[in-house]
Engineer: 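Before I ask anything, let me first share the structure, which is written out below as structure tokens.
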Amino acid sequence: MKQPLRVLLSQDLSCVGQVSLGVALPLFAALGFEACPLPTALLSTHTGGLGANTFHDLTPEMPQILQHWQQLDLTFQGLCLGYLGPNALQVWQQWLPNFKATPLRLIDPVMADNGQFYSGFDQHYAQALGTLLPQATVITPNLTEAQLLLGQTPRLTDWTPVQAEQLAHTLSQQFHVTTVVLTGIPLGNQVGVSTYQAGQTATVQQPRQPGHYFGTGDWFASVLGAALLRQRDLVTSVQLGMTFMAQAIAQTRADHGDPRFGLHAQGALVNLMATLK
């Protein structure tokens, strides 16, 4: 019997609002992967405009779960880390070396956007998170996160594809990561994703859509990881992620959806399933 590809997904779980594990789990499962969640925290909602959310730290459970999985001699073809926080970061600093044989180790260094850190994060966290990145095969920072990881003051305007590709190259050199996918590049009336992989650079662009929608980075990173695990090349995987986002945002706008609750991504997911399964 053919076994599905097993993927470990570690980030927080928000019970309402399509972000983090609430995005990654259904996407990987729909695409035929065996998705194994390792939640870092449980929240009533995500932290973006839905009031005073509850928060329960699950990191004390993480080492016990990982130890049990180790006893079962589980192997994973993919590992995707997203929003961690200081406590979960410490767990992964200890445990990530045990996954060096996992072919895809994707780290989305979630900590900032729009030129500033999210609440509870600072430059000290960025430096600590940087210690994980050399163990990744792919990293997917947004423009703000990329600059903060390098200790730079974020610049959010007047970017060109060449400059973005150089920034991706710098991240690769600094953190010894073969593949860098830099998201959210403002290119006039376009938005771009710039990549660096083993000396090759590329920038994929599409028209900028108005508004701000929570969970877009989580959807994109999940699509990218799934496409790479299905043996698509990097640029094709980026294109699939950007197409997915464009379709989901367009549907959310057509439905007059409340962006705080995430994207209406069902149609985009059906199209992605037809492409990747």
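Note that the structure is predicted; figures quoted are calculated from it, not measured.
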Engineer: For Thr137, which residues count as a side-chain hydrogen bond (donor to acceptor under 3.5 Å, both in side chains) partner, sequence neighbours excluded?
Structural biologist: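 Applying side-chain hydrogen bond (donor to acceptor under 3.5 Å, both in side chains) to Thr137 gives none.
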Engineer: Looking just at side-chain N and O atoms, do Thr252 and Asp255 make a donor-acceptor pair shorter than 3.5 Å?
Structural biologist: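 Looking only at side-chain atoms, Asp255 and Thr252 do not form any donor-acceptor pair under 3.5 Å.
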Engineer: Classify the ring geometry of Trp219 against Phe244: parallel below 30°, tilted from 30° to 60°, perpendicular beyond 60°.
Structural biologist: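 Ring orientation of Trp219 relative to Phe244: tilted.
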Engineer: Under the 4.5 Å side-chain heavy-atom rule for ILVMFWY, direct or indirect, which residues accompany Val162?
Structural biologist: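 Besides Val162, the hydrophobic cluster comprises nothing; the residue is isolated.
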Engineer: Through direct or indirect side-chain contacts below 4.5 angstrom among Ile, Leu, Val, Met, Phe, Trp and Tyr, which residues connect to Val191?
Structural biologist: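 The other cluster members (ILVMFWY side chains, heavy atoms under 4.5 Å, direct or chained): none.
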Engineer: Report yes if some heavy atom in the side chain of Pro154 is under 4.5 Å from a heavy atom in the side chain of Leu148; otherwise report no.
Structural biologist: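 Yes. Closest side-chain heavy atoms under 4.5 Å.
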Engineer: Counting only heavy atoms not in Gln173 (residues, nucleotides, ligands), do more than 12 fall under 6.0 Å from its CD?
Structural biologist: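 Yes.
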Engineer: If only side-chain N and O atoms count, and only distance matters, is there a donor-acceptor pair under 3.5 Å linking Gln197 with Thr179?
Structural biologist: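 Judged by distance alone, the side chains do pair up.
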Engineer: Is the Tyr125-Tyr118 ring centre distance short of 6.0 angstrom?
Structural biologist: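 No.
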Engineer: Are the side chain of Arg6 and the backbone of Thr75 linked by a donor-acceptor contact shorter than 3.5 Å?
Structural biologist: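 Yes: the side chain of Arg6 pairs with the backbone of Thr75.
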Engineer: Is there a donor in the side chain of Gln116 and an acceptor in the side chain of Thr144, or the other way round, less than 3.5 Å apart?
Structural biologist: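 Thr144 and Gln116 do not have a side-chain donor-acceptor pair below 3.5 Å.
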Engineer: Establish, from distance only, whether the side-chain atoms of Asn53 and Thr45 form a donor-acceptor pair under 3.5 Å.
Structural biologist: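 Looking only at side-chain atoms, Thr45 and Asn53 do not form any donor-acceptor pair under 3.5 Å.
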